[in-house]
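Chain A is the first sequence line, chain B the second, and so forth, proteins listed ahead of strands; every chain is numbered from 1.
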Amino acid sequence: MQHTIAIKENHVFRRLYRQGKNAVSPLLAVYCKKNRLGCTRLGITVSTKVGKAVTRNLVRRRIKEAYRIHEGEFLSSYDVVIVSRVRCAKADFWEIEASLLQLMQQLKLLENKDT
RNA sequence: CGAGUAAGCCAGACAGUCGCGUGCGUCAUAUGCCGAAAGGCGACGUAUGAGGAAAGUCCGAGCUCCAUAGGGCAAGGAUAACGGGUAACGCCCGCCGAAGGCGACUUCAGGAAAAGUGCAACAGAGAGAUACCGCCGAACAUAUCUGUUCGGUAAGGGUGGAAAGGCGAGGUAAGAGCUCACCGGUCGGUAGGAGACUAUGCGACCCUGUAAACUCUAUCCGGAGCAACACCGCAUAGGAGAAUGGAGACCGAUGCAAAUCGGUCGAAAAGGUCGGCCCGGCUGUUCUCGGGAAGGUGGCUGGAGCCUUGUGGCAACGCAAGGCGUAGAUAGAUGGCUGUCAAAUACAGAACUCGGCUUACAGACUUGCUCGCAUC
RNA sequence: GGAGAUGUAUCGAAGAGGUCAUAACGAGCUCGACUCGAAAUCGAGUUGUCCGGAGACGGGCACGUGGGUUCGAAUCCCACCAUCUCCG
């Protein structure tokens with residue numbers, strides 16, 4: 001991912017959960033907040049409630065892939081945290097991708113290509 | 001052909017395309033960028049990139065540190081037929097015994113109860129100790145039935161998981177391994193075996209169960225763990241040293257005294273800090289050493305390794321020769337899409353590394369053996 | 001990744017091999033007393049699940065789950081499951 005770095009610190013996650021705008025679907029929850037770094041930071045959370053290690057890895061990779069494909073369409077200079085919910089373990093890639101795009105639309109992070 | 005049993009093996013593959021970690025090569029740059037510092041940072045090509053259990057963390061080791069980890073004793077813990085294998089093991093192989101199965105075969109914490117101690121609730125007269133009923137004998141009482149007292153007795157009754165090894169005969173007042181025959185058990189002898197053990201009318205017998213009760217016997221064990229640990233590097237507190245400051249107290253000198261000088265002790269008060277306040281706790285400053293949070297680098301993958309052939313061994317496994325050596329992340333690399341194969345679906349993700357055990361598991365294949373049926 | 005601890009009524013929590021755990025004790029819940037009414041207090045009861053029964057009640061299974069040792073396990077031993085804590 002060319003324009004995105006990872007969020008590693010726990011306090012950044014907690015600040016986003018408390019202060020960021022959020023949008024929720026049955027599969028995912030997204031928190032976002034504008035930052036001043038000039039690039040986008042991404043964090044992905046998959047809790048142990050979703051499944052065991054193999055399942056969690058698969059979900060995380062699918063979310064990451066869905067984000068990577070559409071990275072150019074999102075506005076930059078934001079902190080974004082994507083949290084997977086329990087039903088995400090049974091969803092396929094297409095459902096996750098559609099859900100992510102829908103939530104990003106709700107948060108108005110998509111670049112408007114029509115105008 | 002069916003049913004069963006034991007063992008082995010695989011764990012989607014291939015092609016295209018976008019994307020990720022690491023190694024190597026080439027090119028590029030840079031007295032550039034990020035960072036306090038240590039240290040890190042690009043593009044292209046190429047190679048390579050999770051398991052049979054990577055899991056549970058139940059055993060055994062390597063490795064590192066702690067305090068010498070070498071020996072002895074004690075405590076505590078572990079293991080337990082016997083013989084072998086192994087670096088080691090509580091693992092594996094073989095074998096013995098016991099239990100189950102028609103059988104192939106499977107299962108077993110399987111030492112010692114004759115060193116000692118404890119426990120065996122309830123029930124029952126009695127739980128290694130016993131006389132409740134009953135049976136028998138004697139004495140006494142009574143007209144008789146019978147009763148009382150003393151003694152003998154474990155055959156019968158009932159209780160219990162278990163009642164003195166079982167059963168039959170003799171024997172006796174009644175009974176009793178009291179005696180005998182048969183059948184077990186333990187110990188000793190003899191024979192066989194490397195041994196556990198097996199056989200045995202050769203002898204003896206203190207013959208309930210429990211040691212996953214204490215214990216005894218034999219063998220073994222120091223503790224903690226890669227978030228160990230080493231190096232780089234940085235803040236606070238606590239620690240050591242040096243310098244300096246200091247209300248005051250004490251000692252000495254000079255002096256009538258005040259005071260001055262020198263030495264020793266020294267943060268009580270005041271002030272500061274924690275705290276909303278009181279109470280209460282802490283205590284000067286500077287420098288050096290040392291310590292070492294967050295961070296970085298190493299530890300980090302070649303090891304008791306795997307495969308093939310030969311050879312020794314019933315086997316586990318050993319020996320020799322040849323070949324193969326290919327994850328190493330650090331918020332953590334394997335994913336998405338398309339096509340083909342009948343279908344792609346089980347359990348499941350390396351985190352210092354090995355040897356085992358245990359648990360989870362869709363489906364495919366191979367081999368040995370057993371039983372039943374049919375045919376030749 | 002590593003190291004530990006704990007599982008017993010609805011909740012907390014005793015029980016350490018023996019009469020059905022009187023599932024002690026405390027909280028909770030239900031009913032009653034007190035009160036105009038409530039709270040507090042006092043007294044009594046219920047405690048899980050399955051089967052049988054009209055009911056009163058009776059019986060089986062239950063101490064996280066499954067095995068083992070024992071005449072007999074909540075308790076002793078082994079394996080597994082769940083929950084919680086600690087280590088930078």
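Closest non-hydrogen pair, A/L28 versus A/I63, comes out as CD2-CD1, 3.9 Å. Here the shortest heavy-atom pairing between A/V46 and A/R56 reads O-CD, 3.7 Å. Shown here for A/P26 and A/R87, the closest heavy-atom pair between the two residues is CB-NH1, 3.7 Å. Between A/R85 and A/S25, the closest heavy-atom pair is NH1-O, 3.1 Å.
When the P atom is used for both B/U359 and B/C91, the distance is 14 Å, rounded to whole Å. The P atoms of B/A346 and B/G335 are separated by 14 Å, rounded to the nearest whole Å. For B/G166 and B/C207, the C1' atoms lie 12 Å apart once the distance is rounded to whole Å. Nucleotides B/U186 and B/A114 place their C1' atoms 8 Å apart, quoted to the nearest Å. Remark: the separation of the C1' atoms in B/C221 and B/G60 is 12 Å, to the nearest Å. If you take atom P in B/G42 and the same atom in B/G339, they sit 37 Å apart, rounded to whole Å. As rounded to the nearest Å, B/C187 and B/C73 have P atoms that lie 32 Å from one another. Taking atom P on both B/C63 and B/A69, the two are 14 Å apart, rounded to the nearest angstrom.
For C/G32, the paired base is C/C42 (Watson-Crick or G-U wobble, both distances below 3.5 Å). Nucleotide B/U200: paired with B/G189 (Watson-Crick or G-U wobble, both distances less than 3.5 Å). When both distances must be under 3.5 Å, the Watson-Crick or G-U wobble mate of B/G170 is B/C178. In a base pair of the Watson-Crick type (N1 to N3 plus N6-O4 or O6-N4) or a G-U wobble (N1-O2 and O6-N3), with each distance short of 3.5 Å, B/U288 is matched with B/A240. Nucleotide B/C376 is matched to nothing when pairs are restricted to Watson-Crick or G-U wobble geometry with both distances under 3.5 angstrom. Base-pair partner of B/A37: not found among the strands shown (Watson-Crick or G-U wobble, both distances under 3.5 Å). With a cut-off of 3.5 Å on both pairing distances, the Watson-Crick or G-U wobble partner of B/A213 is B/U117. Across all strands shown, B/C135 forms a Watson-Crick or G-U wobble pair with B/G152, both key distances being under 3.5 Å.
The distance from atom NE2 of A/H70 to atom CG of A/L101, rounded to the nearest 0.5 Å, is 4.5 Å. To the nearest 0.5 Å, atom CG of residue A/L42 and atom CZ of residue A/R68 are 13.0 Å apart. Summarising the geometry, atom CG belonging to A/L75 is positioned 8.5 Å from atom CE belonging to A/M104; distances are rounded to the nearest 0.5 Å. The CG atom of A/L107 lies 10.5 Å from the CZ atom of A/F74; values are rounded to the nearest 0.5 Å. With rounding to the nearest 0.5 angstrom, the CD atom of A/Q106 is 11.0 Å from the NZ atom of A/K21.
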Check the interface with nucleotides 333-339 of chain B: list each N/O to N/O pair with the protein under 3.5 Å, or write none.
from, atom 1, to, atom 2, distance (Å)
B/A333, OP1, A/R60, NH1, 3.0
B/A333, OP1, A/R60, NH2, 2.5
B/U334, OP2, A/R61, NE, 3.0
B/U334, OP2, A/R61, NH2, 3.3
B/G335, N2, A/E65, OE1, 3.4
B/G335, N2, A/E65, OE2, 3.1
B/G336, OP1, A/R62, NE, 3.2
B/G336, OP1, A/R62, NH2, 3.1

Are any protein N/O atoms closer than 3.5 Å to N/O atoms in nucleotides 81-84 of chain C? If there are, list each pair with its distance.
none

- Check step by step if side chain to side chain contact (heavy atoms under 4.5 Å, CB included) holds for A/N57 and A/R60. CA-CA 5 Å; A/N57 266 334; A/R60 182 176 53 77; 2.9 Å; yes

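Using a 4.5 Å heavy-atom cutoff, the side chains of A/E65 and A/R61 are not in contact.
Glycosidic conformation at B/G310 (O4'-C1'-N9-C4 for purines, O4'-C1'-N1-C2 for pyrimidines): anti, more than 90° from 0. The glycosidic torsion of C/U22 lies within 90° of 0, which places this base in the syn conformation. A glycosidic torsion no more than 90° from 0 defines the syn conformation, and B/A50 adopts it. Base orientation of B/G156: anti (glycosidic angle beyond 90° from 0). B/U68 has its base syn relative to the sugar, with a glycosidic angle deviating from 0 by at most 90°.
Spacing between atom NZ of A/K52 and atom C1' of B/G56 amounts to 10 Å, rounded to whole angstrom units. Atom pair A/R56:CZ and B/A348:C1' shows a separation of 12 Å (rounding to whole Å applied). Spacing between atom CD of A/E71 and atom C1' of B/C18 amounts to 14 Å, rounded to whole angstrom units.
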